[in-house]
Trainee: 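Below are the structure tokens for one structure; questions will follow.
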Amino acid sequence: NDPALFNLDSIPFVSQKDSAIKQQLIVKSLLKQGFYDTTGTASDSIKLAKALNKLQKKWFIQPDGKIGKYTTQALSYNREKIIKQICMAMERWRWESKFPERYAFINIPAFWLTVFEKDTVVMQSAIVCGKPENQTPILKSKIDHMLIYPYWNVPVSIATKEILPAVQRDTTYIRRKNFEVLGAGNTVLDYTKIPWRRYTKDYLPVRFRQRIGEENSLGVVKFNFNNPYGVYLHDTNSKRYFKTSSRAQSHGCIRLEQFTTFADFLIRDDSLHYTHDSLQVYFAKQEQRKIKLKKPLPIYTRYYTAHADSTGLKLYIDVYRKDEEMMKLIYGDMNYKR
């Protein structure tokens, strides 16, 4: 429904080394797509920033008017690649089996969770997914319980790459971030008496656990579902990313903005034991509580960069390059520039 999406006989400017020529090619591409306004009195740099802003909104990229990696990727699309992108989405839908009556559906490139019941949208929420180097996996499972005020048991990769170096620079990091240091048998150790300088990424005989509370990285609620990747859905103490468009920011787990609405939906079938008001009491108490769901909710994480709904066609950046890999398998090496 949007001709601008296909008016893209773009030029492979991405590999252009000369910055002046590259900018000319970018402007030409933006002009052809109808984003660049030549009639205004603003300077060329302001015109370019405004045009990039329009392009970014079209592709659901953070609209900062700058040429970052995702904007560069958006500028590299032409008509043929968009058509193939839509074909990749159609092919993935062809692989899908029938969905149940009620389920949670996460579309990673859209950074969005939708709960369906009898083909009706019950709720939607912005989410934060894994970075390209820490990708949220494609999976199917069932949310069977939620944990109010969870501990965060830090994965080994994060402990060795991020927390250990921070502690070696300043041991008060542990106290400031509300961590506990655990030894054998989950014994809590005195972090001031640990020889941190002796430890390395290959030798770390202790574990880190973040205490419960609103400042915990998992936030107030953790929604658990069985999977071989060790990922889960959770609230977060870092809300700022929900205000951005490009939300590939986590280590692989999925952060949920509307966690209270989602929790209410999950306990809806067990009103004898739980209500909205009782959940609010548990959220206020800051005490750990496990709630087993009377009716587990199927959850799907999927990867669709092209999506159509009642408002028209939406295209998203191929943030994990999964479309690109799939296109090469199906169509051969198309020499798309990164």
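Below, each value reflects all heavy atoms present in this structure, side chains not excepted, and no hydrogens, waters or symmetry copies.
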Trainee: Hey, is R321 close enough to E324 for a salt bridge, meaning N to O under 4.0 Å?
Mentor: yes
Trainee: Answer yes or no on whether K239 is positioned over the face of F242, meaning its NZ or CZ is under 6.0 Å from the six-membered ring centre and within 45° of the axis.
Mentor: no
Trainee: Counting neighbours of CZ on R198 that are heavy atoms of other residues, nucleotides or ligands and sit closer than 6.0 Å, is the number greater than 12?
Mentor: no
Trainee: Could you walk me through whether Q210 and S217 pass side-chain hydrogen bond (donor to acceptor under 3.5 Å, both in side chains), step by step?
Mentor: CA-CA 8 Å; Q210 195 171 35; S217 294; 3.1 Å; yes
Trainee: In terms of heavy-atom contacts, does CG of D190 have more than 12 from other residues, nucleotides or ligands at under 6.0 Å?
Mentor: yes
Trainee: If you define the side chain from C-beta out and look only at heavy atoms, does anything of I174 sit under 4.5 Å from V181?
Mentor: yes
Trainee: Under a 3.5 Å distance rule, please check whether S29 uses its side chain to pair with a backbone N or O of L25 as donor and acceptor.
Mentor: no
Trainee: Any idea how Y103 and F99 line up, ring-wise: parallel (<30°), tilted (30 to 60°), or perpendicular (>60°)?
Mentor: parallel
Trainee: Give a yes-or-no answer on whether the side chains of D202 and T200 include a donor-acceptor pair shorter than 3.5 Å.
Mentor: no
Trainee: Under the side-chain contact (heavy atoms from CB on, under 4.5 Å) test, which residues partner P137, sequence neighbours left out?
Mentor: L139, Y229, V231
Trainee: Determine, for R302 against E96, whether the closest basic-nitrogen to carboxylate-oxygen distance falls under 4.0 angstrom.
Mentor: yes
Trainee: Near K131 NZ, under 6.0 Å, is it more than 12 heavy atoms from other residues, nucleotides or ligands?
Mentor: yes
Trainee: Under 3.5 Å, side chain of Q33 to main-chain N/O of L30, donor-acceptor pair present?
Mentor: no
Trainee: Report yes or no: is the cationic atom of R247 (NZ for Lys, CZ for Arg) under 6.0 Å from the centre of the six-membered ring of Y241, at an angle within 45° of the ring normal?
Mentor: no
Trainee: Salt-bridged, R255 to D235, with N to O below 4.0 Å?
Mentor: no
Trainee: Go through I106 and Y300 one step at a time and tell me if the side-chain contact (heavy atoms from CB on, under 4.5 Å) criterion holds.
Mentor: CA-CA 6 Å; I106 288 171; Y300 299 78; over 6 Å; no
Trainee: Which pairs pass side chain to side chain donor-acceptor pair (under 3.5 Å) with one or both residues in residues 138-149, sequence neighbours excluded?
Mentor: H145-N224
Trainee: For the residue pair T236 / S238, report whether a side-chain donor-acceptor contact shorter than 3.5 Å exists.
Mentor: no
Trainee: Out of N107, D318, T136, D323, which residue meets the side-chain hydrogen bond (donor to acceptor under 3.5 Å, both in side chains) rule with Y303?
Mentor: D318
Trainee: Give the intermediate values and the outcome of ring pair (Phe, Tyr, Trp, His ring centres under 6.0 Å) for residues F208 and W196.
Mentor: CA-CA 13 Å; F208 297 102; W196 293 110; 5.8 Å; yes
Trainee: Does the pair F265 and R102 meet the rule for a side-chain contact (heavy atoms from CB on, under 4.5 Å), with working shown?
Mentor: CA-CA 11 Å; F265 178 79; R102 58 197 289 275; 3.5 Å; yes
Trainee: If the threshold is 4.0 Å, N to carboxylate O, is there a salt bridge linking E91 and R94?
Mentor: yes
Trainee: Could you tell me whether the side chains of S125 and E257 share a donor-acceptor contact shorter than 3.5 Å?
Mentor: no
Trainee: Assess whether salt bridge (charged side-chain N to carboxylate O under 4.0 Å, His left out) is satisfied between K201 and E162, documenting all intermediate values.
Mentor: CA-CA 10 Å; K201 65 178 182 178; E162 298 179 25; over 6 Å; no
Trainee: Whether K222 engages the ring of Y232 as a cation-pi pair (distance to the six-membered ring centre under 6.0 angstrom, angle to the ring normal within 45°) should be assessed.
Mentor: yes
Trainee: Any salt bridge linking D270 with K295? Criterion: basic side-chain nitrogen under 4.0 Å from a carboxylate oxygen.
Mentor: no
Trainee: Side-chain contact, heavy-atom cut-off 4.5 Å: R209 with F179?
Mentor: no
Trainee: Can you see whether T39 engages D37 through a side-chain donor-acceptor pair at a distance of less than 3.5 angstrom?
Mentor: yes
Trainee: Taking Q85 for the side chain and T305 for the main chain, is one N or O donor matched with an acceptor at less than 3.5 Å?
Mentor: yes
Trainee: Could you see if W112 belongs to whatever hydrophobic cluster contains V128? Use Ile, Leu, Val, Met, Phe, Trp, Tyr and a side-chain cutoff under 4.5 Å.
Mentor: no
Trainee: Could you check whether the rings of Y282 and Y274 sit parallel, tilted or perpendicular, using 30° and 60° as the cut-offs?
Mentor: perpendicular
Trainee: State whether a side-chain donor-acceptor pair under 3.5 Å links D264 with H276.
Mentor: yes
Trainee: Determine whether L233 and F262 make a side-chain contact, defined as any pair of heavy atoms from C-beta on separated by less than 4.5 Å.
Mentor: yes
Trainee: Please confirm whether K84 makes a cation-pi placement over Y331, using NZ or CZ under 6.0 Å from the six-membered ring centre and within 45° of the ring normal.
Mentor: yes
Trainee: So how far is it from M88 CE to I83 CD1, rounded to the nearest 0.5 Å?
Mentor: 11.5 Å
Trainee: Okay, side chain of N227, backbone of G230: is any donor-acceptor separation there less than 3.5 Å?
Mentor: yes
Trainee: Take Y316 and S246, measure what side-chain contact (heavy atoms from CB on, under 4.5 Å) needs, and give me the verdict at the end.
Mentor: CA-CA 10 Å; Y316 304 100; S246 303; over 6 Å; no
Trainee: I'd like to know whether CZ of R289 has more than 12 heavy-atom contacts from other residues, nucleotides or ligands below 6.0 angstrom.
Mentor: no
Trainee: Look at E180 together with R175 and state whether they make a salt bridge at an N to O cut-off of under 4.0 Å.
Mentor: no
Trainee: For the residue pair F105 and F116, does the interplanar ring angle fall in the parallel (under 30°), tilted (30 to 60°) or perpendicular (over 60°) class?
Mentor: perpendicular
